[in-house]
Protein chains: 2
Amino acid sequence: MEQLINYIEEFVKLDDDAKAALHALTEMEYFVKSEYILEPDRRCNKIWFLKRGMVRKFYLNDGREKTVWIHTENQTFTSLESYAQNTPSKEYLQTCEDSELISITKDNSEKLAKFPKIVAFVNAMMAREFANIDKHTKALNQRDAKGKYEYLREIAPELLKRAKLGHIASIIGVSRETVSRIRKA
Amino acid sequence: MEQLINYIEEFVKLDDDAKAALHALTEMEYFVKSEYILEPDRRCNKIWFLKRGMVRKFYLNDGREKTVWIHTENQTFTSLESYAQNTPSKEYLQTCEDSELISITKDNSEKLAKFPKIVAFVNAMMAREFANIDKHTKALNQRDAKGKYEYLREIAPELLKRAKLGHIASIIGVSRETVSRIRKA
DNA sequence: GTTTTCTTTTGATGTAAATCACAAAATTAT
DNA sequence: ATAATTTTGTGATTTACATCAAAAGAAAAC
């Protein structure tokens with residue numbers, strides 16, 4: 001919980017009321033390695049904060065897993081399409097390691113709307129997310145395999161150290177063999 | 001203006017107050033073909049609705065233009081990173097044809113926050129945008145050149161008819177020659 | 001209505017990276 | 001510890017697409 005508050009306070013300072021509301025409305029969740037947090041066809045009605053561990057988001061594209069992203073400590077995540085539009089998810093969320101999460105349901109997060117500081121945080125985070133998606137898409141579109149790998153090292157060095165080679169390859173959209181060769185060189 | 005209201009009313013019905021506020025707070029803008037609506041290093045503090053014409057969003061990547069998207073009638077657009085984070089834009093917005101736009105400044109759009117229907121519209125539109133970005137990114141990442149072209153035809157047939165071949169090629173990230181060959185086949 | 005400029009087409013050539021095939025290494029299960 | 005499974009590494013081959021070059025076509029300028 002302390003970690004989540006620190007994370008939020010990078011954006012805005014919170015008063016005691018807001019902190020108490022966060023305590024009351026969030027929940028701890030524990031998953032062992034390889035457990036599914038979310039599977040397709042379920043509605044995703046939570047946002048998670050990753051306190052410890054690693055979580056992979058992926059979907060199936062003619063039977064082959066396509067990794068969207070791998071989250072490491074102190075990141076928030078959800079299956080955005082499902083969450084935002086209340087539709088069944090097309091994505092899996094699966095732990096890569098034993099993980100501790102803090103979750104908040106959509107219902108509860110709406111109750112936080114009365115705290116202007118928290119609304120400001122959510123807006124700032126959304127703006128940052130938008131900007132990041134933009135940046136990633138542009139970066140991964142324009143570069144060759146080595147450039148993509150290096151971009152990933154720039155923005156997520158932790159991920160590169162801990163995630164499986166095959167998953168990394170899938171994120172940047174190149175074959176496993178190519179990533180193996182990039183690493184050798 | 002009628003067009004903008006129709007567009008909004010696909011999401012939510014508006015009462016007369018809200019319509020009046022829209023009238024008061026928005027502005028018509030007229031641009032001739034090839035004119036710049038936005039250039040890099042300027043802050044983008046507006047959202048536009050395209051009433052007539054066509055607008056291309058692009059940026060420079062070592063001196064080469066990379067087209068992000070081309071908007072046609074009845075679409076809203078802005079330079080999101082700049083708008084959301086109040087930072088200088090990295091993008092150009094340029095008309096491809098003589099165009100009529102309805103614009104609203106960020107300041108004025110905040111004044112609309114007192115109309116719950118309009119807030120609901122903005123949220124619904126944002127949710128849809130999120131979902132679309134997600135969908136595009138996935139679609140354009142996984143397919144070969146022909147698949148990318150066909151995806152574009154599915155989601156934006158109008159764009160394919162009216163935009164220049166070179167701009168279309170740039171959107172889907174393949175060479176002009178390749179698009180020409182796809183069309184011939 | 002001609003000329004100039006920009007855009008698209010078409011063919012030839014080169015290359016980055018996918019795919020295939022199998023070996024080595026590392027995890028996981030028994 | 002040993003076997004079974006999964007993941008990673010390495011070479012050979014293929015291929016989709018970029019790039020180069022030059023002509024044909026269309027649009028803009030004069």
Side-chain angles (χ1 to χ4, degrees), chain A residues 31-36 53-56 58 60-67 70 92 94-99 138-153 159-185, chain B residues 31-36 53-56 58 60-67 70 92 94-99 138-153 159-185:
Chain A
F31 292 86
V32 299
K33 181 173 178 175
S34 300
E35 211 174 341
Y36 288 99
M54 191 152 75
V55 172
R56 181 167 73 104
F58 69 96
L60 295 181
N61 187 249
D62 355 90
R64 302 154 135 270
E65 289 185 6
K66 167 73 190 178
T67 298
I70 296 174
Y92 295 81
Q94 185 186 28
T95 56
C96 306
E97 304 173 353
D98 293 357
S99 301
K138 285 172 182 167
L140 294 179
N141 255 325
Q142 243 75 71
R143 310 189 186 200
D144 64 6
K146 200 184 168 196
K148 289 175 188 180
Y149 184 82
E150 269 157 16
Y151 173 74
L152 202 61
R153 180 160 56 208
L159 191 163
L160 234 71
K161 278 182 219 120
R162 285 160 67 189
K164 282 191 203 152
L165 178 144
H167 293 159
I168 289 165
S170 180
I171 292 174
I172 61 177
V174 306
S175 70
R176 280 167 287 135
E177 292 90 331
T178 296
V179 171
S180 176
R181 284 173 186 122
I182 288 166
R183 284 188 165 169
K184 187 182 56 176
Chain B
F31 291 86
V32 299
K33 181 173 178 177
S34 300
E35 211 175 340
Y36 289 98
M54 191 152 75
V55 172
R56 181 169 72 105
F58 69 96
L60 296 180
N61 187 248
D62 4 86
R64 304 154 133 270
E65 289 185 6
K66 168 76 192 175
T67 298
I70 295 174
Y92 295 81
Q94 184 186 28
T95 56
C96 305
E97 304 173 354
D98 294 356
S99 301
K138 284 173 181 165
L140 294 179
N141 255 324
Q142 242 77 73
R143 309 189 187 199
D144 65 7
K146 199 183 168 198
K148 289 176 188 180
Y149 184 82
E150 269 158 15
Y151 173 73
L152 203 59
R153 179 159 58 208
L159 190 163
L160 235 69
K161 278 181 220 124
R162 286 160 66 188
K164 282 191 201 152
L165 179 145
H167 293 158
I168 291 165
S170 180
I171 292 174
I172 60 177
V174 306
S175 70
R176 280 168 286 135
E177 293 91 332
T178 295
V179 171
S180 176
R181 282 172 188 125
I182 288 167
R183 284 189 165 171
K184 189 183 52 174

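This is a predicted model, so every value here is computed, not measured.
Computed from coordinates, the B/H167 NE2 to D/dA27 C1' distance equals 14 Å when rounded to whole Å. Summarising the geometry, the separation between CG on A/N61 and C1' on C/dA18 is reported as 16 Å, rounded to the nearest angstrom. In this structure, the CZ atom of A/R64 is 10 Å from the C1' atom of C/dT19, given to the nearest Å. Atom CG of A/L165 is separated from atom P of C/dA25 by 16 Å (rounded to the nearest Å). Here C/dT9 presents its P atom at 10 Å from CD1 of B/I168, a figure rounded to the nearest Å.
Side-chain atoms of A/N61 and B/K138, non-hydrogen and from C-beta on, never get closer than 4.5 Å to each other. Side-chain atoms of B/I168 and B/R183, non-hydrogen and from C-beta on, do get closer than 4.5 Å to each other.
If one axis is set at each end of the helix from C/dG1-D/dC30 to C/dT30-D/dA1 from five pairs, those axes are 60° apart, to 10°.
In this structure a side-chain-to-backbone donor-acceptor pair under 3.5 Å is missing from A/S99 to A/F31.
A residue-by-residue look at B/K164 and A/K33 shows that B/K164 has its nearest nucleotide of DNA chain C further toward the 5' end.
A heavy atom closer than 4.0 Å to some atom of DNA chain D occurs in B/V174, B/S175, B/E177, B/T178, B/R181, these being the qualifying members of residues 174-185 of chain B. Annotation: proximity of residues 140-151 of chain B to DNA chain C (heavy atom, distance under 4.0 Å) is found for no residue.
Nearest heavy-atom pair, A/C96 versus A/I70, reported as atom, atom and distance to 0.1 Å: SG-CG2, 4.4 Å. Contact detail for B/I172 and B/A145: the closest heavy-atom pair is CD1-O, 4.4 Å. Nearest heavy atom pair, residue A/S170 against residue A/E65, reads OG-O, 3.6 Å.
For the side-chain hydrogen bond (donor to acceptor under 3.5 Å, both in side chains) criterion with B/T67, the lone passing option out of B/R56, B/H167, B/K164, B/Q94 is B/R56. The only option from B/I171, B/T178, B/V179, B/D144 that meets the side chain to side chain contact (heavy atoms under 4.5 Å, CB included) definition with B/Y149 turns out to be B/V179.
Counting non-hydrogen atoms of neighbouring residues, nucleotides and ligands closer than 6.0 angstrom, the CZ atom of B/R162 exceeds 12 such neighbours. Surrounding CZ of B/R143 are more than 12 heavy atoms belonging to other residues, nucleotides or ligands, all under 6.0 Å away.
The aromatic rings of B/F58 and B/Y36 sit tilted, their planes meeting at an angle between 30° and 60°.
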